[in-house]
Amino acid sequence: MKKWLIFPALFFALCVHSQSEKQTLGPRLTNTALYLDPTEVQTFGSLTGLLDKNLTENQYIPFAFGGSQSIYGKQISEDKAWELFAEFGVFTQFEWLIVEGQQQRNLINADYKAAISYARQVNAQWTYRLRFFHVSSHLGDDYIIRNSINNYTQNKVNYEQLEISFFYLLDENIRLNAGLGSVVRPDALRLPFSFHLGANHNQWTKPKGWGLSYGWLLKGMQENDFTPGIKLGIGLAYFTAHKKEPLRILLEYYTGHLPYSQFEKGRIEWLGLGMYFYL
């Protein structure tokens, strides 16, 4: 057995509990949302302008489709729950260019992410998540053709990672988050460690209606000398009684290393408008 397979085996061992009346393939029981993480498994689309480019001639459009499904878990009490859940998402990036007076919409890249996670809500304030995920990155056909790429390129964005994240509800509508991760594939090309830190605040929340949502997230990787990427967002949020997270329409800003594709060493800065929601 490969050594890195030990980690998911240990991961699954944490999911053994003695409680009865457990839930199978039901709704999510815990809230582990990190919607401002560019690589969060969710559904979103952003229309953004690069601040070092002419907005009328060059736009960067990240788009993702993904969701999670609770596999097995239990709502122990109103403030306590645990669950094992799966996630899968596809992250694509397009560019919208004006070249010699002609409009081009080109696929740059697609990243695939699959995860299995164990989350436990300890009490009304604290929740933690232990996650094991695989990610791989693939250049888009448009990018390959336009750049005449006819051989394999070095790809460090193909690895497995184990991470732990903590979520703290400061009051009814302010959530703080922090986490650490490490690549666990022995032969991975990338350096192992990463971290994230952030906060988000919802205002004027109602069981069914519009409110305000804003926050920030800082994320750094050893691969990029822990130079942080920072994402800020503020905008409208539509809340419902049956969803732990609202639909959000955000004005967003990002600066840092490119959060997608095998060209993550490159730096990027964008300002845009995006829609975010969890399936």
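Please read these numbers as outputs of a predicted model, since none were measured by experiment. Positions are given from 1 along the sequence.
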Just checking, is any N or O donor in the side chain of [X] or [Y] under 3.5 Å from an acceptor N or O on the other one?
X: Ser70; Y: Arg28; value: no
X: Thr39; Y: Asp37; value: yes
X: Ser137; Y: Asn109; value: yes
X: Glu83; Y: Tyr118; value: no
X: Glu252; Y: Ser46; value: yes

Is the count of non-hydrogen atoms from other residues, nucleotides or ligands lying under 6.0 Å from [X] atom [atom1] greater than 12?
X: Arg105; atom1: CZ; result: no
X: Lys206; atom1: NZ; result: no
X: Lys265; atom1: NZ; result: yes

Nearest 0.5 Å, please: how far is [atom2] in [Y] from [atom1] in [X]?
X: Arg175; Y: Gln125; atom1: CZ; atom2: CD; value: 12.5 Å
X: Thr43; Y: Leu279; atom1: OG1; atom2: CG; value: 3.5 Å
X: Leu212; Y: Ile234; atom1: CG; atom2: CD1; value: 5.0 Å
X: Lys231; Y: Thr255; atom1: NZ; atom2: OG1; value: 13.0 Å
X: Asp142; Y: Asn106; atom1: CG; atom2: CG; value: 4.5 Å
X: Trp270; Y: Leu258; atom1: CH2; atom2: CG; value: 7.5 Å

Do [X] and [Y] share a hydrophobic cluster, counting only Ile, Leu, Val, Met, Phe, Trp and Tyr and linking them when any side-chain heavy atoms are less than 4.5 Å apart?
X: Phe132; Y: Val157; value: no
X: Leu180; Y: Phe167; value: no
X: Ile71; Y: Tyr128; value: yes
X: Leu84; Y: Leu29; value: no
X: Phe166; Y: Leu162; value: yes

Residue pair [X] / [Y], side-chain heavy-atom distance below 4.5 Å:
X: Arg131; Y: Glu163; answer: yes
X: Thr48; Y: Ile61; answer: no
X: Pro259; Y: Ile268; answer: yes
X: Ile230; Y: Tyr254; answer: no
X: Tyr60; Y: Ile108; answer: yes
X: His257; Y: Pro228; answer: no
X: Asn200; Y: Arg248; answer: yes
X: Leu189; Y: Asn158; answer: no

**OP:** Take Asn177 and Leu217 through the test side chain to side chain contact (heavy atoms under 4.5 Å, CB included) and record every step on the way to the result.
**Re:** CA-CA 9 Å; Asn177 66 78; Leu217 190 128; 3.9 Å; yes

Can you list every pair that meets ring pair (Phe, Tyr, Trp, His ring centres under 6.0 Å) and has a residue in [range], with sequence neighbours left out?
range: residues 176-199; answer: none
range: residues 84-112; answer: Tyr112-His138
range: residues 215-251; answer: Trp210-Tyr238

How far apart are the closest heavy atoms of [X] and [Y], and which atoms are they?
X: Asp111; Y: Gln93; answer: OD2-NE2, 4.1 Å
X: Ala110; Y: Thr92; answer: CB-CG2, 4.1 Å
X: Leu197; Y: Ala178; answer: CD1-CB, 3.8 Å
X: Gly215; Y: Tyr35; answer: N-OH, 4.1 Å
X: Ala119; Y: Thr32; answer: CB-CG2, 3.9 Å
X: Asn202; Y: Ser213; answer: OD1-OG, 2.9 Å

Original post:
Sequence neighbours excluded, which residues qualify as salt bridge (charged side-chain N to carboxylate O under 4.0 Å, His left out) partners of Arg190?
Top reply: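 Arg190 satisfies salt bridge (charged side-chain N to carboxylate O under 4.0 Å, His left out) with Glu264 once adjacent residues are dropped.
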
Subject >> Set of salt bridge (charged side-chain N to carboxylate O under 4.0 Å, His left out) partners for Lys156, sequence neighbours left out >> reply: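 For Lys156, the residues satisfying salt bridge (charged side-chain N to carboxylate O under 4.0 Å, His left out) (neighbours in sequence not counted) are Glu223.
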
Subject >> Results of ring-ring contact (aromatic ring centres under 6.0 Å, His included) for Tyr143 - residues two or more places apart only >> reply: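 Once residues adjacent in sequence are excluded, the partners of Tyr143 under the ring-ring contact (aromatic ring centres under 6.0 Å, His included) criterion are Phe263.
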
**OP:** For the pair Asn31 and Glu245, evaluate side chain to side chain donor-acceptor pair (under 3.5 Å) and give the outcome as yes or no after the intermediate values.
**Re:** CA-CA 8 Å; Asn31 187 350; Glu245 286 291 304; 2.8 Å; yes

Subject >> side chain to side chain contact (heavy atoms under 4.5 Å, CB included) evaluation trace for Glu87 with Ser117 >> reply: CA-CA 8 Å; Glu87 300 171 278; Ser117 301; 3.3 Å; yes

Original post:
When you look at Leu34 and Arg129, which way does the side chain to side chain contact (heavy atoms under 4.5 Å, CB included) test go after all the steps?
Top reply: CA-CA 12 Å; Leu34 288 171; Arg129 178 189 69 194; 3.9 Å; yes

**OP:** Check the pair Leu47, Leu273 against side chain to side chain contact (heavy atoms under 4.5 Å, CB included), reporting the backbone distance first and the verdict last.
**Re:** CA-CA 6 Å; Leu47 181 61; Leu273 183 68; 5.5 Å; no

Subject >> Exam field: side chain Asp171 to backbone Ile174, donor-acceptor pair closer than 3.5 Å >> reply: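 Pair found, side chain donor or acceptor close to backbone of Ile174.
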
Original post:
Could you walk me through whether Glu95 and Lys53 pass the salt bridge (charged side-chain N to carboxylate O under 4.0 Å, His left out) check?
Top reply: CA-CA 12 Å; Glu95 59 182 359; Lys53 305 286 186 181; over 6 Å; no

**OP:** Would you mind checking if Lys113 and Glu40 are paired as a salt bridge, meaning a charged N to carboxylate O distance below 4.0 Å?
**Re:**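 So Glu40 does not pair with Lys113 through a salt bridge.
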
